[in-house]
A.B. asks: 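Here it is, the structure, as structure tokens.
Since the structure is predicted, the reported quantities are computational estimates derived from the model, not experimental observations. All heavy atoms count here, side chains included; hydrogens, waters and symmetry mates do not.
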Amino acid sequence: MKFLLWFGVLSPLAFCAGLDASSANKAEVNWTAIVMFVVFVIATLSITYFSNRISRSTSGFYTGGGNISGLKNGTAIAGDFMSAASFLGIVGLVFSNGFDGLIYAIGFLVGWPIIMFLIAEKFRNLGKFTFADIIAYRLDANPVRIISAISGLCVVIFYLIAQMVGAGLLIQLLFGLSYNTAVFLVGILMICYVTFGGMHATTWVQVIKAVLLLAGCTFMSIMILIMADFDLAKYFDLAIQNHEKGEAIMSPGGFLKDPVSAFSLGMGLMFGSAGLPHILMRFFTVSNAKEARKSVFYATGLIGYFYILTFIIGFGAIAFLLANPEFFDSNGKFLVEKNMEAVVLAKVVGGNVFYAFIAAVAFATILAVVAGLAISGASAISHDLYANVIKKGKVEPSDELKVTRISTISLGILAILLGIAFNGQNVAFMVGLAFSIAASVNFPIILLCIYWRNLTTKGVLYGGAIALISVLLLVFLSPSVWVKVLGFEEAIFPYEHPALFTMPLSFIAIYIFSKLDNSKRAQIDKAAFNAQDFRAQSGVGISAAVEH
């Protein structure tokens, strides 16, 4: 273990020593950024070292001991949710489209009241380690764990690919590392954080990253307002004057061309947030339902504040980057890479040190998110599939934990390989795919399991399978893949976001198969609802049910 930890600490320095300066896509080495990054890595790996003793039990590994406070857990949830895509991507969308670029931020944020009022409290009362525990509590455990684990792993893997490719491109541009080196580095650090530190270390990585990101964005926003003399009229006038779309950047309707696309994207973002397994898993780290509600309250506040800052930064980039001739070549071409506007703006408002800080925080953002994804994926494999399906619950905790660590390492290796394999590919659709699966499969199953007494095992199994296949098929036939990846002239399915079609299909399929199910198992499933509802209201969790 010590060898791996020291390897994780020293690997950035080793890679920096072997930089390949021949690639045209790589920036000059920014040693200030690298030093800040190494400091962050050393600090978080130290936390991983001390978290190891907590993570030696299954409860310690999956939930950090189950006694994390609502404030800390809410901050960690915010850190998990405020990914590089949220920071760099939303600022980039605002930079390109103005007001319309906030559609992702609004969609992400609106999902949190759904989690707070419909899911968080009952989730904490009824679950143990993964969201499949809740479904398995009142339904036939093996089939529903299989469909839940497959759906959860699909979300994790697609989200992980997008993060790894983003990490490679970001570090290639900011630190001067080669793409493959950057992807390998992220994968190794992710393995170290999760394998040795579990949820406790992952929580602290996410908390530190959230605090640093919010502090950096706050400072950048204040400096932008100072440059605009705290005059909002001047601030927006500069943006309108500089942008090629002029006053159109202050109006909605330019980013998504039709209402169907807007509704479908919005549904995927809102309800997908309530079905992301790595976010849902965090509700099991607190001690009771009250702390779970606090977690969502704090997370919603921090995330909402963060999106306000991205709005200020996005328009600040329009106002002050497009007015600076330094960022244009002799032919008038804008030289800043797409989605790198926030990082470049940091240099304009705060100089090289602040630029290095934001670059390091952007990388820390990716590390925190992939760590959360890895622990969620590993728990689906070890807890749901191995311990409860293959071993039927008759497994020693030490054996389950061993499988969890092996799963983490395997996921890390897979993430590295897929990140390298997708180099140069447009993987933006994978984030949308992950949210569409979460909205169309996970969210309907979770919601109906908690609130509908007539839900049956067959309804979950067949309805969930139909929804999962439908999402994958429609995304494959959409412009994102059929045209942009496969090169066909016209897509068979004309919309890039399928949630408007697949989410209702999921509810309908689950309803029909449940209502038509008159088996003996269906009667048991329906009768179990009353016991589940009682435990949800009384605050007795699944672990107490097992003990008694």
Side-chain angles (χ1 to χ4, degrees), residues 114-115 117-123 125-128 130-155 267-268 270-277 280 380 384-385 388-389 392-393 435-474 498-537 541-542 545:
I114 296 172
I115 298 174
F117 294 111
L118 295 181
I119 292 178
E121 180 178 348
K122 289 177 180 286
F123 218 79
N125 287 342
L126 294 167
K128 187 177 182 182
T130 68
F131 79 89
D133 287 334
I134 296 172
I135 307 164
Y137 179 67
R138 67 171 281 207
L139 305 178
D140 190 4
N142 282 7
V144 297
R145 281 192 187 277
I146 291 172
I147 187 66
S148 300
I150 291 173
S151 172
L153 283 171
C154 286
V155 173
M267 285 183 65
M270 285 189 296
F271 297 105
S273 299
L276 294 175
L280 295 174
D384 293 328
L385 295 180
N388 287 287
V389 175
K392 302 186 184 303
F435 273 84
S436 295
I437 293 173
S440 303
V441 184
N442 297 352
F443 176 72
I445 291 175
I446 293 168
L447 191 70
L448 293 176
C449 185
I450 294 175
Y451 290 102
W452 190 41
R453 69 175 61 251
N454 292 320
L455 182 70
T456 69
T457 299
K458 284 186 178 179
V460 168
L461 184 61
Y462 297 140
I466 288 172
L468 180 59
I469 294 170
S470 299
V471 171
L472 295 174
L473 180 62
L474 291 184
L500 181 62
F501 305 92
T502 54
M503 185 175 163
L505 175 64
S506 178
F507 277 106
I508 292 170
I510 293 172
Y511 176 83
I512 291 174
F513 280 108
S514 294
K515 294 295 285 186
L516 294 177
D517 186 5
N518 295 315
S519 64
K520 184 178 180 180
R521 178 68 233 185
Q523 301 305 315
I524 297 173
D525 295 340
K526 294 171 184 177
F529 178 83
N530 292 329
Q532 180 209 34
D533 185 65
F534 167 76
R535 294 190 179 281
Q537 295 300 327
I542 187 172

A.B. asks: How close do Asn454 and Lys515 get, heavy atom to heavy atom, and via which atoms?
C.D. replies: ND2-NZ, 4.1 Å
A.B. asks: Give a yes or no on this: more than 12 heavy atoms of other residues, nucleotides or ligands lie within 6.0 Å of atom OH of Tyr511.
C.D. replies: no
A.B. asks: For Ser506, enumerate each residue passing the side-chain hydrogen bond (donor to acceptor under 3.5 Å, both in side chains) test, keeping only those at least two apart in sequence or located in another chain.
C.D. replies: none
A.B. asks: As an exercise, state the distance from CD1 of Ile450 to CD1 of Ile445, rounded to the nearest 0.5 Å.
C.D. replies: 12.0 Å
A.B. asks: Determine whether Phe513 and Ile466 make a side-chain contact, defined as any pair of heavy atoms from C-beta on separated by less than 4.5 Å.
C.D. replies: yes
A.B. asks: Indicate yes or no: at least one non-hydrogen side-chain atom of Ser273 is less than 4.5 angstrom from one of Phe435.
C.D. replies: yes
A.B. asks: Could you tell me which residues satisfy side-chain hydrogen bond (donor to acceptor under 3.5 Å, both in side chains) with Asp384, sequence neighbours excluded, listed by chain and number?
C.D. replies: Thr130, Arg145
A.B. asks: Do Asn388 and Lys392 have side-chain heavy atoms sitting under 4.5 Å apart?
C.D. replies: no
A.B. asks: What closest approach, in Å, do Gly463 and Ala509 show between heavy atoms, and which atom pair accounts for it?
C.D. replies: CA-CB, 3.8 Å
A.B. asks: Quick one: closest heavy-atom pair of Ala467 and Ser440, and the distance?
C.D. replies: CB-O, 3.4 Å
A.B. asks: For Arg453, check salt bridge (Lys or Arg N to Asp or Glu O under 4.0 Å) against everything at least two apart and list the hits.
C.D. replies: none
A.B. asks: So, using side-chain hydrogen bond (donor to acceptor under 3.5 Å, both in side chains) as the criterion, who are the partners of Ser148 when residues are at least two apart?
C.D. replies: none
A.B. asks: Kindly write out the residues that satisfy ring-ring contact (aromatic ring centres under 6.0 Å, His included) with Phe501, not counting sequence neighbours, or none if the list is empty.
C.D. replies: Phe493, Tyr495
A.B. asks: Of all the heavy-atom pairs spanning Val155 and Pro277, show the shortest one and how long it is.
C.D. replies: CG1-CD, 3.8 Å
A.B. asks: Kindly write out the residues that satisfy side-chain hydrogen bond (donor to acceptor under 3.5 Å, both in side chains) with Asp140, not counting sequence neighbours, or none if the list is empty.
C.D. replies: none
A.B. asks: Please report the interatomic distance CD1(Ile469) to CG(Leu505), rounded to the nearest 0.5 Å.
C.D. replies: 10.5 Å
A.B. asks: For Met267 versus Leu500, what's the shortest heavy-atom pair and its separation?
C.D. replies: SD-CD1, 3.3 Å
A.B. asks: With sequence neighbours excluded, what pairs up with Ser151 under the side-chain contact (heavy atoms from CB on, under 4.5 Å) test?
C.D. replies: Ile437, Val441, Asn442
A.B. asks: Could you state the interatomic distance from NZ (Lys526) to CG (Asp517), rounded to the nearest 0.5 Å?
C.D. replies: 6.5 Å
A.B. asks: Just jot down the side-chain contact (heavy atoms from CB on, under 4.5 Å) partners of Ser514, sequence neighbours excluded, or say none.
C.D. replies: Trp452, Leu455, Thr456, Ile510
A.B. asks: Between the main-chain N or O of Thr457 and the side-chain N or O of Arg521, is there a donor-acceptor pair closer than 3.5 Å?
C.D. replies: no
A.B. asks: Report the residues that fulfil side-chain contact (heavy atoms from CB on, under 4.5 Å) with Ile150, sequence neighbours left out, ordered by chain and then residue number.
C.D. replies: Ile146, Cys154, Leu468
A.B. asks: Suppose we screen for side-chain contact (heavy atoms from CB on, under 4.5 Å). Which residues come up paired with Ile512, at least two apart in sequence or across chains?
C.D. replies: Ile508, Leu516
A.B. asks: Do you know the tightest heavy-atom contact between Ser436 and Pro498?
C.D. replies: OG-CD, 3.4 Å
